[in-house]
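Atom set for the values below is all heavy atoms of this structure, side chains included, hydrogens, waters and symmetry mates excluded.
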2 protein chains.
Amino acid sequence: MEIPPVVIDRLPLYTRALSSLQTEGRDVVSSQELGTRLGVTPAQIRKDLSYFGRFGKQGRGYNVQKLLDELHRILGLDRQWRMALVGVGKLGRAILGYEGFSPQGFRIVEAFDASPDRIGQRINSLIVKDTRDLENVLSKAPVDVGIVAVPAEFAQDVIDTLVKCGVRGILNYAPIAAHVPDGVHLKRIEPVLALQSMTYYLKSSPRPTITAARG
Amino acid sequence: MEIPPVVIDRLPLYTRALSSLQTEGRDVVSSQELGTRLGVTPAQIRKDLSYFGRFGKQGRGYNVQKLLDELHRILGLDRQWRMALVGVGKLGRAILGYEGFSPQGFRIVEAFDASPDRIGQRINSLIVKDTRDLENVLSKAPVDVGIVAVPAEFAQDVIDTLVKCGVRGILNYAPIAAHVPDGVHLKRIEPVLALQSMTYYLKSSPRPTITAARG
DNA sequence: AAGGGTTTGTGCTCACAATTACAAACTTCG
DNA sequence: CGAAGTTTGTAATTGTGAGCACAAACCCTT
């Protein structure tokens with residue numbers, strides 16, 4: 001059976017809400033409550049989960065711990081994921097410094113750049129290596145995911161190289177519509193695109209004058 | 001007529017491809033070529049554009065400049081957009097330093113934080129102001145978009161405040177499912193969510209051993 | 001143990017988006 | 001100018017995902 005990608009995209013949201021509930025010490029949660037928290041209809045949650053099995057109990061709901069474990073297993077979050085960063089300019093450095101990856105099992109284990117004055121530098125306990133050595137390095141110590149943070153004009157080349165190295169997951173921060181072969185999964189992170197579609201809705205109604213700072 | 005949000009989300013992609021074509025000196029482009037570049041079917045492009053008017057010419061295609069202008073107008077990209085950043089920790093600083101916003105007409109004009117040792121600091125020619133003064137500051141100089149880069153536990157509060165200040169577009173970097181009233185547009189930027197859904201596809205087929213670095 | 005109250009899992013329906021397909025309009029070339 | 005070749009815009013079709021609604025299963029109280 002083929003599971004719709006939109007469903008897969010929602011599962012991480014569920015895991016996050018479940019983690020919160022777990023921290024709060026909750027044992028059980030209903031699709032109703034989960035839905036309210038996430039802004040999703042309860043039916044959608046139940047349907048999404050039903051693609052993978054029957055995890056709930058009628059009259060009671062879902063066991064938080066059990067469902068969390070199941071989702072981790074389903075998504076493959078029950079292991080560590082090795083990542084390589086390409087491009088350690090401003091953006092790349094920020095990504096290296098980002099503390100949100102490792103708690104979720106994602107580790108940046110290599111950093112590459114093409115600029116001579118960056119190669120050899122140490123950033124966050126990683127030595128920046130030459131992009132031209134990408135194939136060599138990754139053949140000895142493969143990674144699961146490549147993070148692309150190079151200027152737009154080099155991005156497709158870098159992606160091609162990563163693919164050639166067997167990397168099958170790519171997180172692309174460069175503002176291009178990259179092409180990858182079947183079987184390689186690419187996600188783009190582009191704040192600007194998000195803004196540019198948001199303005200469509202903002203432009204119509206004018207910026208309101210603040211009535212007062214009351215309260 | 002109500003235009004599907006997915007259509008709106010694709011328009012910025014089109015503008016970007018058209019900008020490239022313009023730089024390359026191209027006068028005219030067909031939906032065919034545009035589609036190949038973007039990985040979208042030509043029919044989809046034509047249909048998307050048809051929601052807004054008839055911009056092409058049979059037997060010829062679209063005038064690059066004209067279509068670009070139209071899309072800019074449609075999306076509201078023919079003006080400047082003022083943004084306020086809340087949270088100048090590691091992530092916030094990276095956002096402030098990001099150079100991809102201003103070329104597209106998005107300017108961060110205010111920065112806020114709640115931490116006393118950050119308030120008053122100057123970062124990139126902006127003085128960090130106290131989050132508690134948010135309402136005051138924005139009532140005098142309103143912004144169009146709020147960027148939220150505070151820890152998860154404070155994010156909803158910050159978003160509520162922004163909404164109260166009349167901000168109707170929010171870019172949320174915090175890992176929470178935020179709630180906003182109707183009429184307020186929220187987009188989340190979350191690399192981790194992207195990774196967590198990608199792993200679903202990566203986990204099945206094993207990490208291939210690199211055959212060789214041939215080529 | 002029995003009944004009232006919950007909540008799941010899922011068949012069904014509906015809505016909507018993607019694709020197909022084609023007439024109409026334009027270009028180009030002989 | 002006419003015919004062959006492009007390409008658009010859209011009507012019609014197909015495909016797909018979201019929501020509804022309900023039977024079945026479970027909990028809890030008395």
Donor-acceptor pair between B:D160 and B:Q156 side chains, under 3.5 angstrom: yes
Rounded to whole Å, the CZ-P distance (B:F55 to D:dT10) equals 11 Å
Checking side-chain polar atoms at under 3.5 Å, does B:Q196 have a donor or acceptor matched by the opposite partner on A:R16? no
List the atom of B:E135, the atom of B:K164, and the distance in Å for their closest heavy-atom pair. OE2-NZ, 3.4 Å
side-chain N/O A:S31 vs C:dT7 OP1/OP2, d < 4.0 Å: no
Taking the inter-plane angle between the rings of B:Y200 and A:F52 on a 0 to 90° scale, is it parallel (under 30°), tilted (30 to 60°) or perpendicular (over 60°)? perpendicular
In terms of the angle between their ring planes, are A:Y201 and B:H185 parallel, tilted or perpendicular, with boundaries placed at 30° and 60°? parallel
Nearest heavy atoms of B:V167 and B:G146, plus distance in Å: CG1-N, 3.5 Å
Let me see the working for A:F112 and A:V137 under side chain to side chain contact (heavy atoms under 4.5 Å, CB included), right down to the final yes or no. CA-CA 10 Å; A:F112 296 91; A:V137 175; 3.9 Å; yes
Rounded interatomic separation in angstrom, taking CG from B:N63 and C1' from D:dT7: 15 Å
Starting from the 5' end of DNA chain D, give me the residue, A:P5 or B:G61, whose nearest nucleotide shows up first. B:G61
Within the structure, does a side-chain N or O atom of B:Y62 lie under 4.0 Å from either OP1 or OP2 of D:dG9? yes
Tabulated below should be each protein N or O lying under 3.5 Å from an N or O of nucleotides 19-22 of chain D; please produce it.
residue: D:dG19; atom: OP2; partner: A:T41; partner atom: OG1; Å: 3.0
residue: D:dG19; atom: O6; partner: A:K47; partner atom: NZ; Å: 2.6
residue: D:dA21; atom: N6; partner: A:R46; partner atom: NH2; Å: 3.3

Going 5' to 3' through nucleotides 23-30 of chain D and flagging B where a protein heavy-atom sits under 4.0 Å of the base, S where only the sugar-phosphate is that close, and - otherwise, we get -BBBS---
Side-chain (A:T199) to main-chain (B:L75) donor-acceptor, under 3.5 angstrom: yes
B:L49 CG to D:dT10 P, in whole Å, measures 11 Å
Do B:R46 and B:S31 get their side chains close enough for a donor-acceptor pair, meaning under 3.5 Å? yes
For B:I45 and C:dA17, what is the distance between atoms CD1 and C1' respectively, to the nearest whole Å? 16 Å
Using atom CG of A:L11 as one end and atom C1' of D:dG17 as the other, report the distance to the nearest whole Å. 15 Å
Between CD of A:E33 and P of C:dT8 the distance, given in whole Å, is 11 Å
Roughly how many Å is it from CD1 in B:I8 to P in C:dA17, rounded to a whole number? 11 Å
A:L34 CG to C:dT7 C1', in whole Å, measures 13 Å
